[in-house]
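Atom set for the values below is all heavy atoms of this structure, side chains included, hydrogens, waters and symmetry mates excluded. When a ligand or atom number is given, it counts from 1 through the structure's own listing order.
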Amino acid sequence: MAPTLNLAFSDDLISSDVRKALPTGLHIRPLEAGDYERGHLDILRVLTVTPDVGALAWREQFRAMQACPATYYPLVIVDTAADRVVAAGCVFLERKFLRGLGRVGHIEDIAVDKAQQGKKLGLRIIQALTYISENAGCYKTILNCSDSNIPFYEKCGFEKKENEMAKYA
Ligand code: ACO
């Protein structure tokens, strides 16, 4: 099914098992065009420097991601009563020439509201993103993390492999 105008991607791609496993009152769904107002950037601030770029610029970025078909899958967990984003994450699907024109899923920008940490929301986000990546046929799903987050990702079924190199501008 094609994504609706206000969703980053089709809601059908979210694992029903993950949906069922969430605590009452919390809902997992694709990032929506109105999530700036629901505190999406506040949640990303749990992870790293996230200046308030304003609603207009946020929505331009949302539309730019939507305009790349089958590439960006940002999703959120929302507290439905409060109408606030409480957790977020994204998988980016990279196309390759190797492995028979294979694809790789890159998990990025995982963040859970401090008040909601320890309730398996991080785990559910990772499960939902991996489900999207694997259903799209990716031959692997990878991510970078700090040493302190290795135990969390091991609990999510990932294993340490190789090293990360970085060059910041
Ligand atoms: N060290 C050891 N174990 C951990 C850690 C940790 N840092 N974090 C979680 N766990 C364990 C939990 O105890 C739980 O174990 P259990 O199944 O035995 O009970 C399991 O991992 C699942 O934990 P969750 O409850 O799902 O974790 P949470 O919802 O708190 O999310 C996260 C974890 C995403 C790391 C959260 O703490 C957070 O937002 N941290 C700040 C931002 C951050 O570091 N994000 C990840 C960046 S890496 C990236 O984006 C690719």
Could you find the nearest protein heavy atom to [atom] and give me its residue, atom name and distance?
{"atom": "atom 41 (C) of ligand 1", "value": "Val46 CG1, 3.7 Å"}
{"atom": "atom 34 (C) of ligand 1", "value": "Ile110 CG2, 3.7 Å"}
{"atom": "atom 13 (O) of ligand 1", "value": "Lys155 NZ, 4.7 Å"}
{"atom": "atom 26 (O) of ligand 1", "value": "Leu123 N, 2.8 Å"}
{"atom": "atom 38 (C) of ligand 1", "value": "Gln117 NE2, 3.4 Å"}
{"atom": "atom 48 (S) of ligand 1", "value": "Tyr153 OH, 3.3 Å"}
{"atom": "atom 47 (C) of ligand 1", "value": "Leu47 CD1, 3.4 Å"}
{"atom": "atom 27 (O) of ligand 1", "value": "Phe152 CE1, 3.7 Å"}

Which of the ligand 1 atoms, numbered from 1, are nearer than 4.0 Å to a heavy atom of [X]:
{"X": "Ala111", "result": "39 (O)"}
{"X": "Gly122", "result": "26 (O), 28 (P), 29 (O), 31 (O)"}
{"X": "Asn149", "result": "7 (N), 35 (C), 43 (C), 44 (O), 46 (C), 47 (C)"}
{"X": "Asn144", "result": "48 (S), 49 (C), 51 (C)"}
{"X": "Lys120", "result": "16 (P), 17 (O), 19 (O), 24 (P), 25 (O), 26 (O)"}

(message) Using a 3.5 Å distance criterion without hydrogens, assess whether the side chain of Ser15 forms a donor-acceptor pair with backbone atoms of Ala128.
(response) no
(message) Evaluate Leu143 for polar contact with ligand 1, using N/O atom pairs at a separation under 3.5 Å.
(response) no
(message) Is it the case that ligand 1 has an N or O less than 3.5 angstrom from some N or O of Val112?
(response) yes
(message) As a quick check of understanding, evaluate side-chain contact (heavy atoms from CB on, under 4.5 Å) for Phe62 and Asn6, giving each step before the final call.
(response) CA-CA 10 Å; Phe62 178 87; Asn6 283 332; 5.9 Å; no
(message) Under 4.0 Å from atom 18 (O) of ligand 1, can you find at least one protein heavy atom?
(response) yes
(request) Please check atom 2 (C) of ligand 1 for a protein heavy-atom neighbour under 4.0 Å. (result) yes
(request) Take Leu75 and Ile125, measure what side-chain contact (heavy atoms from CB on, under 4.5 Å) needs, and give me the verdict at the end. (result) CA-CA 8 Å; Leu75 55 74; Ile125 292 261; 3.6 Å; yes
With heavy atoms only and a cut-off of under 4.0 Å, state how [X] meets ligand 1: side chain, backbone, both or neither.
{"X": "Ser148", "result": "backbone"}
{"X": "Lys119", "result": "backbone"}
{"X": "Asp109", "result": "backbone"}

(message) Please evaluate residues Arg124 and Arg19 with respect to the criterion side-chain contact (heavy atoms from CB on, under 4.5 Å), reporting the C-alpha separation (whole Å), side-chain torsions for both, the decisive distance (0.1 Å), and the verdict.
(response) CA-CA 8 Å; Arg124 301 304 170 212; Arg19 265 195 218 292; over 6 Å; no
(request) Go through the steps for Ile150 and Lys160 under the test side-chain contact (heavy atoms from CB on, under 4.5 Å), then give the verdict. (result) CA-CA 8 Å; Ile150 288 176; Lys160 193 171 177 329; 4.1 Å; yes
(message) For residues 95-151, which residue pairs pass the ring-ring contact (aromatic ring centres under 6.0 Å, His included) check, not counting sequence neighbours?
(response) Phe92-His106
(message) Same cluster or not: Val86 versus Val112, using hydrophobic residues (I, L, V, M, F, W, Y) connected whenever any side-chain heavy atoms lie under 4.5 Å apart?
(response) yes
(message) Tyr72 and side chain to side chain contact (heavy atoms under 4.5 Å, CB included): which single residue from Gln61, Glu108, Met65 fits?
(response) Met65
(request) Please check if atom CZ in Arg99 has more than 12 non-hydrogen atoms from other residues, nucleotides or ligands closer than 6.0 Å. (result) no
(request) Look at Lys96 together with Glu94 and state whether they make a salt bridge at an N to O cut-off of under 4.0 Å. (result) yes
(request) Give me the one residue out of Arg59, Arg84, Arg29 that meets salt bridge (charged side-chain N to carboxylate O under 4.0 Å, His left out) with Asp35. (result) Arg29
(request) Report yes if the side chains of Asn149 and Ile110 come closer than 4.5 Å at any heavy-atom pair, otherwise no. (result) no
